[in-house]
Amino acid sequence: MANISFLLVLIIVPFVLIGMSSAQLTSSFYNSSCPNVLSIIKTAVNSAIATESRMGASLLRLHFHDCFVNGCDASVLLDDTSSFTGEKTANPNSGSIRGFDVIDTIKTQVESSCADIVSCADILAVAARDSVVKLGGPSWTVLLGRRDSTTASLSTANSDIPAPTLNLSSLISSFSNKGFNSREMVALSGSHTIGQARCTTFRNRLYNETDINATFATSLKSNCPQSGSDNNISPLDTTSPTTFDNIYYKNLRIQKGLLHSDQQLSSGGSTDSIVNTYSSNSATFFTDFANAMVKMGNLSPLTGTNGQIRKNCRKTN
């Protein structure tokens, strides 16, 4: 009997410990302390996207670049100061990450409704979901209760956010390091059904790679010459750049992936079948994307008394 009891402890205790990090997040976290928070964020996000449709992709990317660097803790929002180095100047973020003003606006409105209650990290998570929905994508229940970091990591931002130059094996490893399998990686990559990329991120593909549709490549070269114009932008999904749909995957199947890392998902490797599934079944993509976003939102949140609720998302209290 003693042996059986010991075995039960071995089985049960790890299960309890594994579940604890995300168990503290709950969809009802602000129901009594800030009941209007979800409607405030949704209204502000919809307004920002109505002003500039690209903003939806920018807000989604903010959440992603936050979560992949030491968890979803709003570290990406912290400004550099003379005594503090944030993540905004990291290679994946510098000159391209945007949407901070929209988050500032939301934070100001939320603070007016319920001061010192709602974290910037939770605002990012909800704004990402609302952006996807506004642009025609799936919805999901955002779990809440994250707190904000008092630190940031430039080096981790440089090392852990997957680069657009990665090959398939490196993409699989990068996402695996965060707990995602290949299917989840391909689903999350579908966020590139919206948004824009800078010439500097796809120039090498345009002029040096062969697995690219020739007509597609030619159409991009005037806006992205072999030298200069680094910051000129082109849509990641050339067909429907402001609609969240599965056409990104249809494009990959005909070699119209803008980034090297995009086309790697459909290049004769292990993920081709997943791309094919999503390209032919948008409901499957939507379900898998929504589930993967919930999982991403659970990456190492600060909860309880860890971290803080920032008054201003750009700086610690």
Side-chain angles (χ1 to χ4, degrees), residues 21 41 44-45 48 52 54-111 115-128 131 144-166 174-175 177-178 188 191 195-198 200-201 230-231 233 293 296-317:
S21 66
I41 296 173
V45 167
E52 184 199 16
R54 181 188 175 199
M55 187 53 69
S58 300
L59 294 173
L60 175 57
R61 187 168 182 250
L62 268 181
H63 181 46
F64 174 56
H65 283 214
D66 180 31
C67 293
F68 261 56
V69 182
N70 297 327
C72 311
D73 59 4
S75 58
V76 72
L77 302 177
L78 292 169
D79 284 338
D80 286 6
T81 69
S82 56
S83 58
F84 180 88
T85 302
E87 297 163 11
K88 292 183 177 180
T89 58
N91 291 331
N93 295 335
S94 180
S96 68
I97 202 163
R98 58 200 298 276
F100 300 111
D101 292 347
V102 175
I103 299 301
D104 290 341
T105 297
I106 294 171
K107 179 64 170 172
T108 299
Q109 293 174 356
V110 170
E111 287 296 300
D116 304 327
I117 299 292
V118 180
S119 68
C120 302
D122 277 346
I123 288 173
L124 283 177
V126 176
S131 293
L144 302 163
R146 299 169 194 79
R147 289 166 64 85
D148 298 324
S149 70
T150 55
T151 60
S153 177
L154 182 70
S155 60
T156 307
N158 277 322
S159 64
D160 286 18
I161 296 172
T165 53
L166 292 187
S174 177
F175 279 78
N177 290 339
K178 303 297 179 184
L188 288 172
S191 60
Q196 311 269 336
R198 294 181 301 153
T200 184
T201 63
D230 282 5
N231 292 321
I233 56 174
M293 286 298 293
M296 188 176 78
N298 278 334
L299 286 174
S300 309
L302 296 169
T303 57
T305 56
N306 293 317
Q308 61 181 209
I309 304 298
R310 285 185 216 142
K311 299 177 186 297
N312 177 338
C313 291
R314 292 175 180 264
K315 60 184 184 181
T316 58
N317 294 344

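Distance check: N93 CG to R61 CZ gives 6.5 Å after rounding to the nearest 0.5 Å. L60 CG to L124 CG: the interatomic distance, rounded to the nearest 0.5 Å, is 11.0 Å. For the atom pair C72 SG and L299 CG, the distance stands at 5.0 Å (nearest 0.5 Å). Annotation: the span from S119 atom OG to R146 atom CZ amounts to 7.0 Å, rounded to 0.5 Å. With rounding to the nearest 0.5 angstrom, the CD1 atom of I233 is 4.0 Å from the CZ atom of R54. Distance check, rounded to the nearest 0.5 Å: CG of L154 to OG1 of T85 gives 7.0 Å.
Shown here for S174 and L166, the closest heavy-atom pair between the two residues is CB-CD1, 4.4 Å. Taking every heavy atom of both residues into account, D116 and E111 meet most closely at N-OE1, 3.1 Å. Contact record, C120 with K107: SG-CE, 4.0 Å, taken as the closest heavy-atom pair.
Under a 3.5 Å cut-off, the side chain of N158 and the backbone N or O of N91 do form a donor-acceptor pair. K178 places a side-chain N or O within donor-acceptor distance of the main-chain N or O of F68, the cut-off being under 3.5 Å. Remark: the backbone N or O of L144 is not paired with any side-chain donor or acceptor of D122 at under 3.5 angstrom. Not one N or O on the side chain of D148 forms a donor-acceptor pair closer than 3.5 Å with the backbone of G307. Although no hydrogens or angles enter the test, the distance criterion places no donor-acceptor pair under 3.5 Å between the side chain of Q109 and the main chain of A44. Of the possible donor and acceptor atoms, none in the side chain of Q308 sits under 3.5 Å from a partner among the backbone N and O of R147.
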Side chain to side chain contact (heavy atoms under 4.5 Å, CB included) assessment of L188 paired with M293: CA-CA 7 Å; L188 288 172; M293 286 298 293; 3.7 Å; yes
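For the pairing with D104, the salt bridge (charged side-chain N to carboxylate O under 4.0 Å, His left out) check across R314, K315, K311 returns one residue only, R314. Under the side-chain contact (heavy atoms from CB on, under 4.5 Å) rule, S131 has a single partner from L59, L62, V126, which is L59.
Between E87 and L77 the shortest side-chain heavy-atom distance does not fall below 4.5 Å. In this structure the side chain of I309 never reaches within 4.5 angstrom of the side chain of I117, judged on heavy atoms. Between V118 and I123 there is a side-chain heavy-atom pair separated by less than 4.5 Å. Side-chain contact check for F64 versus P92: every heavy-atom pair is 4.5 Å or farther apart.
Between the side chains of T151 and S149, no donor-acceptor pair of N or O atoms lies under 3.5 Å. Side-chain contact of R310 with T150: a donor-acceptor pair under 3.5 Å is absent, judged by distance alone.
Here S58 pairs with R98 under the side-chain hydrogen bond (donor to acceptor under 3.5 Å, both in side chains) rule; sequence neighbours left out.
Salt bridge annotation for K88-D79: present, with a cationic side-chain nitrogen under 4.0 angstrom from a carboxylate oxygen.
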